[in-house]
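Bear in mind that the values here come from a model prediction, so they are computed numbers and not experimental data. Whatever order the structure lists them in is the order used to number ligands and atoms, beginning at 1.
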Amino acid sequence: MENLEAIERGLLARISSASTLEALEQIRVAALGRSGEVTGLLKGLGSLPPEERKTRGAAVNRLKEQIEAALGGAKSRLERAALDARLKDERIDVTLPVKAETDGRIHPISQTIDELVAIFGEMGFAVAEGPHVEDDFYNFTALNIPPEHPARQEQDTFYLLGPEGRAVEERKVLRTHTSPVQIRTMQAQKPPIRIIVPGRTFRSDHDATHSPMFHQVEGLVIDRQVHMGHLKGCLIEFCRAFFDIDDLPVRFRPSYFPFTEPSAEVDIGCSREGGGLKIGAGADWLEILGSGMVHPKVLANCGLDPAEYQGFAFGMGIERIAMLKYGIPDLRTFYESDLRWLRHYGFLPLDQPSLVAGSR
Ligand code: 2NL
């Protein structure tokens, strides 16, 4: 009969010298597997007389438990060692400075949108987006834009070709402003609503100061008891944050839009001495955005009761405010994909906009 102590000594020695999990697994199979050494001892018990089987059985089972415990211990030891090796191997130095010299640049339009999101986000606005191809209803009718309004003319708006003889109300248009997204939001959500909508817009216009595709940001606030004071406070705060000038003069001038009543255009102070334009205090004014209290008819068109809810809205061109802030002289250069232009006017990925950093 085999010497159990010798078997145990042999197996324990092999287990403690196993240097990989794979080697350990081979030892386990050789000892406890279907045709393993210890398994063989257990199988052999059946042919022993009852008395001997009892004492021998207890000893073989003790051996089996010893080996299992030793295998478990060795497995933990090897796993820990493997983890330590990986941690050492894959260690990264998080204190290394980031690699800032990259050829990639953030386009000024993207940067400006990120800045708008940072500023209005801090004021509690969410960002909303919607389709570029719109129904006449969302782009014009819901906004109280009458059927004969010049903006609806073929020469100003891109109409999509559709089935022959499609009724005027069913015509699809490339949205001429981002307002349809606000209409959709008012239909879908209950007030209070505080959103900004940055995005592409399209008008059939192409010259030195107009591009057929350009970007707008509009804002919408709807709640009970919203008034012109909220509009003014919000937009003064925005202008000062965006241009990073704490005492920037801001002026509200009466205006007209079909979708707001009353309406106001917003100007900021500037000076034009010596040919150059400088934003800040000065003798001149520069128009930068349009705004107003949402027209009661627009609220009603969206299913809101104007006696219960009011709100204000505003809109501005992103190219225009980006050109003013970053001194970009020509609108057309935004879309030329000129890498030298992008290297000059673009932003590094690490120029993260934030409100405190003057959104720069
Ligand atoms: C401008 C002026 C403006 C709005 C946009 C708006 C949207 C809804 C309801 C009421 Cl859904 N108003 N938008 C209001 C006033 C001015 O934009 O000069 N944009 C470039």
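The pair E8-R62 does not meet the salt-bridge criterion, since no charged nitrogen lies less than 4.0 angstrom from a carboxylate oxygen. R56 and E52 are not joined by a salt bridge, as no carboxylate oxygen comes within less than 4.0 angstrom of a charged side-chain nitrogen.
Protein neighbours of ligand 1 below 4.0 Å, counting non-hydrogen atoms: L143, S179, Q182, I183, M186, Q216, E218, F257, F259, T260, G290, S291, A313, F314, G315, M316.
Take P146 and apply the side-chain contact (heavy atoms from CB on, under 4.5 Å) test, not counting sequence neighbours, and it matches E148, H149.
Between F202 and the options H177, H215, H132, H210, a ring-ring contact (aromatic ring centres under 6.0 Å, His included) holds for only H132.
Geometric assessment of R203 against the ring of F214 yields a negative cation-pi assignment under the 6.0 Å and 45° thresholds.
Ring pair F140/Y159 is tilted by interplanar angle, where 30° to 60° counts as tilted.
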